[in-house]
Amino acid sequence: MQHRVTRQPAGEQGGPRPDHDAGLSAELVAVVAGARRRAVRDGDRQVDTAHLLHSLLEYDPEVRSAVGDGPRLARLLGYLVQRSIGYGLRWQGTVEDSGALAVVPDPALDGGDFSREAGGWSPAATAAMEDARRRARRRTGAPAGGPDLLAALVTDPGSRAVEVLERAGIPARELRARVEEPGIEEPEIEGSEEEFTGGREAVG
């Protein structure tokens with residue numbers, strides 16, 4: 001008697017998928033897998049740029065260094081872990097797509113089009129992943145790493161990652177400059193007194 005093996009649809013399987021992780025460093029593959037797990041754990045329909053930013057901070061010490069240690073990093077993580085309130089409530093049921101970055105897959109990257117994961121990635125997150133790989137290819141031809149993805153995330157002013165960074169008092173433009181031009185002195189954080197659930201778009 002043969003036993004049937006039930007296979008999960010590709011969009012529901014956990015962990016990194018080799019076909020979609022082409023052109024990524026081993027470290028960034030771990031970041032992507034972490035973002036996928038976080039989206040599932042949070043009950044979100046899609047991986048968005050905030051998931052990617054959160055996972056980058058967890059897995060990549062170079063990205064943490066670029067953001068800044070101490071209170072600066074702690075404040076940003078504090079915003080990200082409270083996704084179930086404030087911004088998170090406003091994001092529920094919506095698709096992250098600022099339209100700032102066009103998704104144009106690089107034909108030189110074998111199987112690396114994240115847009116093929118139907119329903120699995122927000123348009124903004126898809127664009128950021130493709131942009132990160134293009135940056136790496138233009139720079140050295142090596143697989144994309146954490147700094148490449150961070151630079152891509154902060155390029156889109158309408159992304160959720162930039163929204164959280166700005167709320168935490170970390171200007172996206174200055175962060176991008178530090179990633180793309182290492183050695184630039186870190187500016188003092190312009191701390192906001194508003195809490196995560198406060199501000200102009202608080203959720204009651």
Side-chain angles (χ1 to χ4, degrees), residues 7-67 69 73 76-77 80-81 83 95-97 101-156 159-162 164-165 172 175-176 178-180 182:
R7 297 185 180 274
Q8 289 179 296
E12 297 178 4
Q13 293 174 354
R17 303 175 194 125
D19 54 335
H20 290 293
D21 295 328
L24 307 183
S25 67
E27 293 79 8
L28 198 51
V29 168
V31 167
V32 168
R36 285 174 175 144
R37 288 193 299 270
R38 183 168 294 283
V40 171
R41 187 164 60 246
D42 292 347
D44 295 319
R45 295 173 57 190
Q46 295 181 323
V47 176
D48 64 23
T49 60
H51 290 125
L52 290 171
L53 176 61
H54 200 163
S55 194
L56 273 174
L57 294 171
E58 288 182 328
Y59 288 92
D60 197 311
E62 194 172 352
V63 168
R64 290 196 297 273
S65 178
V67 168
D69 293 328
L73 180 60
L76 176 58
L77 285 170
L80 287 166
V81 298
R83 190 182 177 102
V95 175
E96 180 195 31
D97 183 14
L101 294 177
V103 183
V104 183
D106 188 336
L109 298 174
D110 295 336
D113 182 5
F114 279 79
S115 64
R116 293 174 188 167
E117 285 192 59
W121 290 77
S122 75
T126 299
M129 291 302 306
E130 298 295 341
D131 187 33
R133 285 184 290 197
R134 281 194 294 272
R135 287 171 180 272
R137 285 180 59 82
R138 288 197 303 265
R139 190 182 66 253
T140 62
D148 296 304
L149 179 55
L150 180 61
L153 289 174
V154 298
T155 296
D156 182 354
S159 71
R160 292 174 179 176
V162 167
V164 175
L165 283 164
L175 180 56
R176 178 181 176 184
R178 290 202 300 279
V179 174
E180 296 183 338

- Note on the structure: Output for pair (Met129 CE, Leu153 CG), nearest 0.5 Å, gives 9.0 Å
- Query: So Val47 and Arg38, side chain to side chain contact (heavy atoms under 4.5 Å, CB included) or not? Walk me through it.
  - Reply: CA-CA 8 Å; Val47 176; Arg38 183 168 294 283; over 6 Å; no
- Do you know the tightest heavy-atom contact between Leu57 and Leu73? CD2-CD1, 3.8 Å
- 4.5 Å side-chain heavy-atom contact, Leu53 and Leu165: yes
Would you give me the side-chain donor-acceptor pairs under 3.5 Å for residues 22-35, sequence neighbours excluded?
unit_1	atom_1	unit_2	atom_2	d
Ser25	OG	Glu27	OE1	3.4
Ser25	OG	Leu28	N	3.1
Ser25	OG	Ala144	O	3.1

- Across all chains, not counting sequence neighbours, the salt bridge (charged side-chain N to carboxylate O under 4.0 Å, His left out) partners of Glu62 are none
- Measure the CG-CZ distance between Leu76 and Arg64 for me, rounded to the nearest 0.5 Å. 12.0 Å
- Listed partners of Arg135 passing side-chain hydrogen bond (donor to acceptor under 3.5 Å, both in side chains), at least two apart: Asp131, Thr155, Glu180
- Nearest non-hydrogen partners of Leu56 and Gly146, listed with the distance: CD2-CA, 3.7 Å
- Query: What is the minimum heavy-atom distance between Arg36 and Trp121, and which atoms define it?
  - Reply: NE-CZ2, 3.8 Å
- Are any side-chain N or O atoms of Thr49 and backbone N or O atoms of Ala161, one a donor and one an acceptor, separated by less than 3.5 Å? yes
- Message: Applying side-chain hydrogen bond (donor to acceptor under 3.5 Å, both in side chains), can you list everything that pairs with Ser55, at least two apart in sequence or on another chain?
- Response: none
- For Gln46 against Pro123, the heavy-atom pair lying closest together: OE1-CD, 4.4 Å
- Note on the structure: Of all heavy-atom pairs linking Ser122 and Glu96, the shortest is OG-OE1, 2.8 Å
- Residues that Asp48 engages under salt bridge (charged side-chain N to carboxylate O under 4.0 Å, His left out), provided they are two or more places apart: Arg83, Arg160
- Message: Taking salt bridge (charged side-chain N to carboxylate O under 4.0 Å, His left out) as the cut-off, I'd like each qualifying pair that reaches into residues 142-152, sequence neighbours left out, listed once.
- Response: Arg139-Asp148
- Message: Within this structure, what is the CG-CG distance for the pair Leu175 and Leu150, rounded to the nearest 0.5 Å?
- Response: 4.5 Å
- Message: Quick check: closest heavy atoms across Ala50 and Leu80, and the distance to 0.1 Å?
- Response: O-CD2, 3.9 Å
